[in-house]
Amino acid sequence: MKKIIFIISLALSGICQAKTINDSIDIADDIDRIIWDDCDACGCAAGNGSSGFESLLNPQFIGIKYFAQHYKAKENLFVKDLTQDQYFNTLQIWGKIPLTEKLSVYASLPFHFHEKKTMQGDININGIGDLNLMGIYRIIGSKNNFHQLNGGLGVKMPLGKFDEKGASGVNPSFQLGTGSWDYQAAINYKFQKNKIAVLVNTDYTVKTENKKHYRFGNQWNYAATGFYQIAGNEKSIFSAKAGLQGEVYDKNKQFNEILPNTAGSALYGKLGFEASYKKFSLGGEVMLPAYSNLAGGDIEAKSRLSVFINFGI
């Protein structure tokens with residue numbers, strides 16, 4: 001099954017809304033969706049950090065995305081080796097509605113189904129996650145469209161269940177939600193010319209204390225991705241992409257006391273390609289860790305992949 005998922009992820013990546021080809025790459029606005037699509041280093045469940053700057057070429061759309069993460073973790077305090085496999089899976093509905101020429105509203109609602117394999121048996125949790133809402137504003141847009149700067153402010157509403165008992169494990173992010181209201185600020189810069197585009201993004205999430213007096217650490221995400229349009233016509237576009245994505249998160253706290261082995265960072269390399277046909281867009285990407293230092297070494301990042309389909313409305 002893992003091999004099948006890996007093959008699918010290589011065959012699908014990103015989104016490029018079709019339009020007439022000219023001297024411009026005509027895909028750079030699409031990739032804003034991907035660059036702002038980050039998740040917690042120890043599992044998207046807890047932070048659900050995905051703010052998701054989706055396709056700006058497609059002014060209105062609705063879509064579905066599947067996102068999978070794999071980690072290795074210590075079984076317990078008495079086991080030295082990382083023997084426990086942890087799988088974080090998310091199926092997300094998302095959409096974008098423009099309010100003005102420069103201002104848009106983005107929303108996403110995830111459904112999580114996670115699994116970790118322990119010596120006592122498999123543990124599974126599933127259910128709705130936290131709702132994300134974000135306002136997206138185009139700060140700068142050059143006349144030749146070579147340069148563009150976008151900013152966003154967002155909020156995460158605690159719809160997902162937080163399990164206090166689960167937070168005491170090796171990976172406290174094995175959750176459906178943080179149980180807290182969290183706030184996001186993000187900015188990204190795009191350069192495009194001919195068939196090449198480069199995007200640089202950074203965003204920061206402030207996480208607050210939930211009703212159980214537990215607070216996940218604040219998180220900083222950053223990414224740089226290059227795109228190259230391989231082929232295209234009036235109805236379809238095909239392009240390749242490669243880049244780096246990193247995450248840094250602070251220590252968790254409970255009753256305002258710092259919890260050990262809860263901070264960390266990770267850096268991923270990612271590779272994929274993008275395709276679209278008329279109003280449909282289909283894609284995904286594979287991410288592998290170049291560096292992983294999570295939870296004081298108690299957790300190791302292994303791989304990530306995503307697959308999605310969008311429809312312009």
Side-chain angles (χ1 to χ4, degrees), residues 13-38 51-61 63 94 96-106 134-154 184-204 220-246 268-279 281-285 287 308 310 312:
S13 180
I15 167 176
C16 290
Q17 179 64 29
K19 59 186 291 186
T20 303
I21 301 299
N22 52 36
D23 291 336
S24 173
I25 190 172
D26 284 338
I27 66 169
D29 285 339
D30 297 314
I31 38 192
D32 291 330
R33 172 199 52 77
I34 300 167
I35 296 303
W36 297 58
D37 193 23
D38 302 310
S51 52
F53 263 38
E54 66 301 316
S55 171
L56 298 179
L57 269 180
N58 212 351
Q60 296 182 3
F61 84 97
W94 58 2
K96 174 174 173 283
I97 300 175
L99 301 180
T100 67
E101 182 180 353
K102 293 186 176 181
L103 181 64
S104 302
V105 174
Y106 163 84
M134 174 170 278
I136 304 168
Y137 185 77
R138 183 178 300 179
I139 302 171
I140 298 174
S142 62
K143 293 182 179 180
N144 56 21
N145 207 32
F146 286 171
H147 305 277
Q148 188 176 115
L149 185 68
N150 297 303
L153 292 174
Q184 300 170 326
I187 191 167
N188 84 328
Y189 168 75
K190 174 196 71 180
F191 171 80
Q192 69 170 56
K193 188 174 183 181
N194 300 324
K195 294 186 177 183
I196 296 175
V198 177
L199 284 131
V200 179
N201 171 79
T202 185
D203 62 75
Y204 193 81
W220 173 47
N221 300 316
Y222 58 92
T225 307
F227 292 78
Y228 182 76
Q229 181 177 303
I230 298 174
N233 55 40
E234 293 182 354
K235 294 182 179 180
S236 62
I237 288 178
F238 183 88
S239 62
K241 66 172 182 175
L244 296 172
Q245 179 173 310
Y268 291 84
K270 54 184 178 180
L271 180 67
F273 64 89
E274 309 176 340
S276 70
Y277 179 74
K278 294 185 178 180
K279 289 188 176 183
S281 52
L282 181 69
E285 66 184 9
M287 299 174 62
F308 69 88
N310 284 353

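Hydrogens, waters and symmetry mates are skipped; everything else that's a heavy atom, side chains included, is used.
- With rounding to the nearest 0.5 Å, the separation of CZ in F308 from CG in L282 is 7.5 Å.
- Between P98 and S104 the shortest heavy-atom distance is CA-OG, 3.7 Å.
- Take L103 and apply the side chain to side chain contact (heavy atoms under 4.5 Å, CB included) test, not counting sequence neighbours, and it matches L99, T100, Y137.
- By the side chain to side chain contact (heavy atoms under 4.5 Å, CB included) test, L244 pairs with L267, sequence neighbours left out.
- Side-chain contact between D203 and I187 is absent, with no heavy atoms from C-beta onward closer than 4.5 Å.
- Scanning all heavy atoms of the two residues, the minimum distance from S239 to Q229 falls at CB-CA, 3.7 Å.
- With rounding to the nearest 0.5 angstrom, the CG atom of L153 is 10.0 Å from the CD atom of Q184.
- For the atom pair CG of N233 and OH of Y277, the computed distance is 8.5 Å after rounding to the nearest 0.5 Å.
- The OH atom of Y222 lies 9.5 Å from the CD atom of Q245; values are rounded to the nearest 0.5 Å.
- Taken from CE in M134 to OH in Y106, the straight-line distance is 9.0 Å, to the nearest 0.5 Å.
- For the side chain to side chain contact (heavy atoms under 4.5 Å, CB included) test, residues two or more places apart in sequence or in another chain that qualify with Y204 are V206, N218, W220.
- Taking 4.5 Å as the limit, every side-chain heavy atom of I139 sits out of range of all side-chain heavy atoms of N150.
- You'll find the side chain of L271 stays beyond 4.5 Å of the side chain of K241, heavy atoms only.
- A perpendicular orientation is assigned to the rings of F61 and W94, their planes being inclined by more than 60° (bins at 30° and 60°).
- Side-chain contact between H147 and K190 is absent, with no heavy-atom pair separated by less than 4.5 Å.
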Please determine whether side-chain contact (heavy atoms from CB on, under 4.5 Å) holds for the pair Y189 and N201, giving the CA-CA distance in whole Å, both sets of side-chain angles, and the decisive distance to 0.1 Å. CA-CA 6 Å; Y189 168 75; N201 171 79; over 6 Å; no
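- Residue K195 holds its NZ atom at 10.0 Å from CD1 of I230, rounded to the nearest 0.5 Å.
- Taking 4.5 Å as the limit, some side-chain heavy atom of N310 sits within range of a side-chain heavy atom of S281.
- For the pair N188/T202, no side-chain contact is recorded, criterion being any heavy-atom separation below 4.5 Å from C-beta on.
- Using a 4.5 Å heavy-atom threshold, the side chains of I196 and F191 count as separate.
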